[in-house]
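Both backbone and side-chain heavy atoms feed into the values below; hydrogens, waters and symmetry mates do not. Proteins get letters first, then strands, A, B, ... in listed order; numbering begins at 1 in each.
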Protein chains: 4
Amino acid sequence: MFAIVRDNIAATPFHQWLMPVLLSVDEAAASVVIELPFRAELAGQPDRPEFHGGILSALVDIAGHAAIVAKLGRGVATLDLRVDYLRPASGTIRAAATVVKLGKSLGLVDVRVDNARQQTVAVGRAAYFTAA
Amino acid sequence: MFAIVRDNIAATPFHQWLMPVLLSVDEAAASVVIELPFRAELAGQPDRPEFHGGILSALVDIAGHAAIVAKLGRGVATLDLRVDYLRPASGTIRAAATVVKLGKSLGLVDVRVDNARQQTVAVGRAAYFTAA
Amino acid sequence: MFAIVRDNIAATPFHQWLMPVLLSVDEAAASVVIELPFRAELAGQPDRPEFHGGILSALVDIAGHAAIVAKLGRGVATLDLRVDYLRPASGTIRAAATVVKLGKSLGLVDVRVDNARQQTVAVGRAAYFTAA
Amino acid sequence: MFAIVRDNIAATPFHQWLMPVLLSVDEAAASVVIELPFRAELAGQPDRPEFHGGILSALVDIAGHAAIVAKLGRGVATLDLRVDYLRPASGTIRAAATVVKLGKSLGLVDVRVDNARQQTVAVGRAAYFTAA
């Protein structure tokens, strides 16, 4: 399943600019980990090497979607997304997404984004439409 | 105030790639309108000219933040963000953000994203930390 | 449709204690208004005549659900609910709920809760599962 | 700290009707567990012994608040609340709330509500205003 998720991420045009990296897919735990290194054009302010909040919300969606792809083997539509920002995010960050529920119509995924010091920088939750 | 909001948007590194355009600032209504034209690298799927959900969530954050900047004259930190996706978004979209509350510590902003046919493609709500 | 919504509200066991009152159903606007008078057992603190936050979140769900009932003529399941609290709520409050989207699987409703001075005390948004 | 949290819960007028029971306070883990037995007047439908969604959202707020009280030793105001409903909830349910972040201005709490079969019936997240 790793290859399917990796290819789904790679085939997405926006990702070819953002460049999120799939690190792992744990099918038993219904979870994936995606890494995103900081670079200057991802910054939210001109003078600080910190991710734009919109990049973090996009990463939550990307990781949540990948967790569903890892279960279903195909892409789905995002229904809604929520992100709480806990602290400024810099360096290389990792989003760990875990499927909370996978129903016939709806899937729900929890996402935690940590920095390289294992500090959580944001938490999110997203719902996906899973009907075929 | 239009110039201050426009310059705040323009100075943000991520925006120099995304290229959101500030159309209007209505100080009496505490609202702003930001436009984002579709282009291929913003797509969420390889075969459809539709915005990636993460781009829409970033746009909600950008528009919500701009509405707060239009009131305070300075940038703030995003605390949390929620987006509901209503339909696929393509073409040139517009995010209209209106301040719901502006307190000493917290500001809350409602955002509606419409396509060129005046169909709402997403709605969002974001909270910002407004203390100086 | 007013009678159907009113009867759906009245038939719900929890509502027989809470006693929300349906004031109006506007089918053209896909909106309903529900009123809830304060009483001591709805308070969130022993010394203040203000609604418990949980009562407000329940009211958001009740009003959002009623707006869907006004469109479909039947009850549905709530999928998710979000509430932002803007100020302490006291006296008689009114929740105005408007359907944002009504799809085959999902409905989304916006809710605004005002006090008798027309101050908004809370805003909410809820998603419902609309498939038959 | 158990007694302080228990007394804070008991002193709240709405709780004297709802009757949530504090089971445990784990100060090291910054978490609390609150139990709520089903009874007929908590139902969301006349013919099913299942909790009203508004009761579940209230329980998320109560448990989240209790987790903050367990850290600060005093009550705070709820800023926002989100609940995702995963399945119908019946019998005796337990809400486990864990503090995700406790800052000078804001606290964020994760809440999971399980039924007696250890099935998760709802997940929630709430933000509180923690400034003195």
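Within the 4.5 angstrom heavy-atom criterion, no atom of Q16(B) approaches chain A. For a residue to count as touching a neighbouring chain, one of its non-hydrogen atoms must lie under 4.5 Å from one of that chain's; by this rule H65(B) does not touch chain A.
The candidate from G54(A), G53(A), P13(A) with the greatest count of non-hydrogen atom pairs under 4.5 Å with chain B is P13(A).
Within residues 111-132 of chain B, no residue has a heavy atom under 4.5 Å from a heavy atom of chain A. At a heavy-atom separation below 4.5 angstrom, chain B is approached by A40(A), E41(A), L42(A), A43(A), G44(A) within residues 20-44 of chain A. Using non-hydrogen atoms only and a strict 4.5 Å limit, the part of residues 55-64 of chain A facing chain B consists of I55(A), S57(A), A58(A), D61(A), I62(A). Heavy-atom proximity under 4.5 angstrom to chain A picks out nothing from residues 66-77 of chain B.
For the atom pair CG (L81(B)) and CG (L81(A)), the distance works out to 6.5 Å, reported to the nearest 0.5 Å.
With contacts defined as side-chain heavy-atom distances shorter than 4.5 Å, the pair T12(B)/H52(A) qualifies.
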